[in-house]
Amino acid sequence: MPGPDKDTRFPLEHYNRLCFLKNIITRPNIIVGDYTYYDDFEDVYNFEKNVKYHFDFIGDKLVIGKFCMIASGVTFIMNGANHLTGAISSYPFAIFGNDWRDAMQGKSYPSKGDTEVGNDVWIGHKATIMAGVKIGDGAIIAAHSIVTKDVEPYTIVGGNPAKEIRKRFTDEQVQKLLELQWWNWDIEKITANVHNLTGDNLALLTY
């Protein structure tokens with residue numbers, strides 16, 4: 001069989017704390033690609049609990065690509081957490097209705113758009129990703145980092161706020177990898193290349 005079944009919940013036999021994430025998601029505004037896994041020390045169903053302030057009426061999405069690795073305790077803070085910063089008060093009067101219901105008439109709460117995680121991204125233990133952040137393909141987010149800005153492809157970031165530590169490859173190699181998009185190959189081709197995908201010689205990849 002060319003790799004595990006992408007439609008199974010628990011791809012490791014007799015182990016239910018690692019799942020292929022797309023197969024346990026219930027919210028329509030969370031979109032996850034094939035083979036992306038989530039590992040949780042307690043219960044994989046904690047993932048959706050860790051996508052915070054994600055309200056249907058706001059409409060923002062969390063989009064995660066293929067072949068990502070998401071560690072236990074990773075948290076996504078969505079746009080529902082945003083409050084007014086330029087007003088006299090940042091208090092969300094309107095959400096409580098009654099005579100406060102029109103407090104935001106003609107105004108809107110700040111939104112940074114969808115949160116997007118590329119393909120082949122590794123997000124370390126207890127990292128926090130803030131609303132609207134775009135994480136490029138092949139990036140690595142260090143454990144306990146707080147990511148407040150976009151992350152370039154194949155870049156390692158860490159800290160609070162997360163800052164670039166280093167690039168994983170040269171600019172030329174990154175460009176080649178972004179053109180290859182190996183995560184979009186059919187699974188047979190990926191399987192034929194797994195030994196090369198776990199190496200560092202791009203020239204060995206079979207096109």
Side-chain angles (χ1 to χ4, degrees), residues 18 21 25 29-33 35-42 44 46-55 58-87 90 109-184 197-202:
L18 183 148
L21 186 56
I25 293 299
N29 50 0
I30 300 177
I31 301 161
V32 181
Y35 300 103
T36 284
Y37 72 75
Y38 173 61
D39 189 9
D40 193 286
F41 297 144
E42 298 170 355
V44 294
N46 286 332
F47 181 84
E48 288 188 329
K49 295 177 186 175
N50 291 334
V51 181
K52 309 289 191 184
Y53 309 103
H54 200 194
F55 305 123
I58 292 177
D60 56 339
K61 293 180 175 63
L62 171 58
V63 182
I64 301 172
K66 302 176 184 177
F67 293 95
C68 293
M69 303 137 276
I70 304 175
S72 185
V74 168
T75 301
F76 293 89
I77 306 295
M78 303 300 287
N79 284 292
N82 292 333
H83 291 256
L84 299 170
T85 56
S90 58
Y109 290 110
S111 174
K112 297 186 176 179
D114 295 342
T115 301
E116 299 176 11
V117 178
N119 304 281
D120 192 24
V121 173
W122 173 19
I123 306 178
H125 177 58
K126 287 197 172 178
T128 299
I129 315 300
M130 300 304 288
V133 163
K134 311 291 188 275
I135 299 175
D137 297 328
I140 295 175
I141 312 300
H144 294 271
S145 298
I146 299 182
V147 183
T148 61
K149 295 180 180 176
D150 293 354
V151 179
E152 293 293 318
Y154 291 96
T155 300
I156 302 171
V157 301
N160 179 13
K163 294 185 171 145
E164 181 177 324
I165 296 171
R166 66 178 174 85
K167 297 280 190 186
R168 293 180 59 194
F169 303 102
T170 66
D171 289 344
E172 293 76 17
Q173 290 172 317
V174 167
Q175 186 58 41
K176 184 66 175 174
L177 285 162
L178 292 174
E179 290 170 5
L180 279 178
Q181 296 186 9
W182 67 262
W183 44 84
N184 287 327
L197 286 167
T198 55
D200 60 3
N201 188 343
L202 275 171

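These numbers were taken from a predicted model, which means no experiment stands behind them.
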Using ring pair (Phe, Tyr, Trp, His ring centres under 6.0 Å) as the criterion, list what pairs up with Phe169, not counting sequence neighbours.
->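 Phe169 satisfies ring pair (Phe, Tyr, Trp, His ring centres under 6.0 Å) with Tyr154 only.
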
Mind checking what makes ring pair (Phe, Tyr, Trp, His ring centres under 6.0 Å) contact with Phe55, not counting sequence neighbours?
->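 Applying ring pair (Phe, Tyr, Trp, His ring centres under 6.0 Å) to Phe55 gives Phe57.
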
Using atom types as modelled and distance alone, determine if a side-chain donor or acceptor of [X] lies under 3.5 Å from a backbone N or O of [Y].
| X | Y | value |
| --- | --- | --- |
| Thr155 | Lys167 | no |
| Asn119 | Gly65 | no |
| Asp137 | Pro153 | no |
| His54 | Asp60 | yes |
| Lys134 | Asp114 | yes |

Is the shortest heavy-atom distance from the side chain of [X] to the side chain of [Y] under 4.5 Å?
| X | Y | result |
| --- | --- | --- |
| Asn46 | Phe41 | no |
| Leu202 | Leu180 | yes |
| Arg168 | Val174 | no |
| Tyr109 | Asn82 | no |
| Val157 | Lys149 | no |
| Leu84 | Pro110 | yes |
| Phe76 | Ile64 | yes |

Criterion side-chain contact (heavy atoms from CB on, under 4.5 Å) on Val133 and Lys112, from CA distance to verdict | CA-CA 8 Å; Val133 163; Lys112 297 186 176 179; over 6 Å; no

Enclosure of Asp200 CG (heavy-atom neighbours >12, cutoff 6.0 Å) | no

For atom CD of Glu152, is the number of surrounding heavy atoms from other residues, nucleotides or ligands below 6.0 Å larger than 12?
-> no

Give the C-alpha distance, both sets of side-chain angles, the deciding distance and a yes or no for side-chain contact (heavy atoms from CB on, under 4.5 Å) between Met78 and Ile58.
-> CA-CA 10 Å; Met78 303 300 287; Ile58 292 177; over 6 Å; no

Name the atoms and distances for all side-chain donor-acceptor pairs under 3.5 Å in residues 120-130, with sequence neighbours left out.
from: His125; atom 1: ND1; to: Ser72; atom 2: O; distance (Å): 2.8

Exercise: do Asp40 and Tyr38 side chains pair donor with acceptor under 3.5 Å | yes

Quick one: [atom1] on [X] to [atom2] on [Y], what's the gap to the nearest 0.5 Å?
| X | Y | atom1 | atom2 | answer |
| --- | --- | --- | --- | --- |
| His144 | Asn160 | NE2 | CG | 11.5 Å |
| Ile135 | Cys68 | CD1 | SG | 8.5 Å |
| Glu179 | Leu177 | CD | CG | 9.5 Å |
| Ile70 | Ile141 | CD1 | CD1 | 11.0 Å |
| Asn79 | Lys61 | CG | NZ | 12.0 Å |

Where is the tightest heavy-atom contact between Gly158 and Ala142, given as atom of each residue plus distance?
->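 Here Gly158 and Ala142 meet closest at CA-CB, 3.8 Å.
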
Residue pair Trp183 / Lys66: nearest heavy atoms and the distance that separates them =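 Minimum heavy-atom contact is O-CD, 3.4 Å.
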
Carefully, step by step, assess Asp171 and Gln173 under the rule side-chain contact (heavy atoms from CB on, under 4.5 Å).
-> CA-CA 5 Å; Asp171 289 344; Gln173 290 172 317; over 6 Å; no

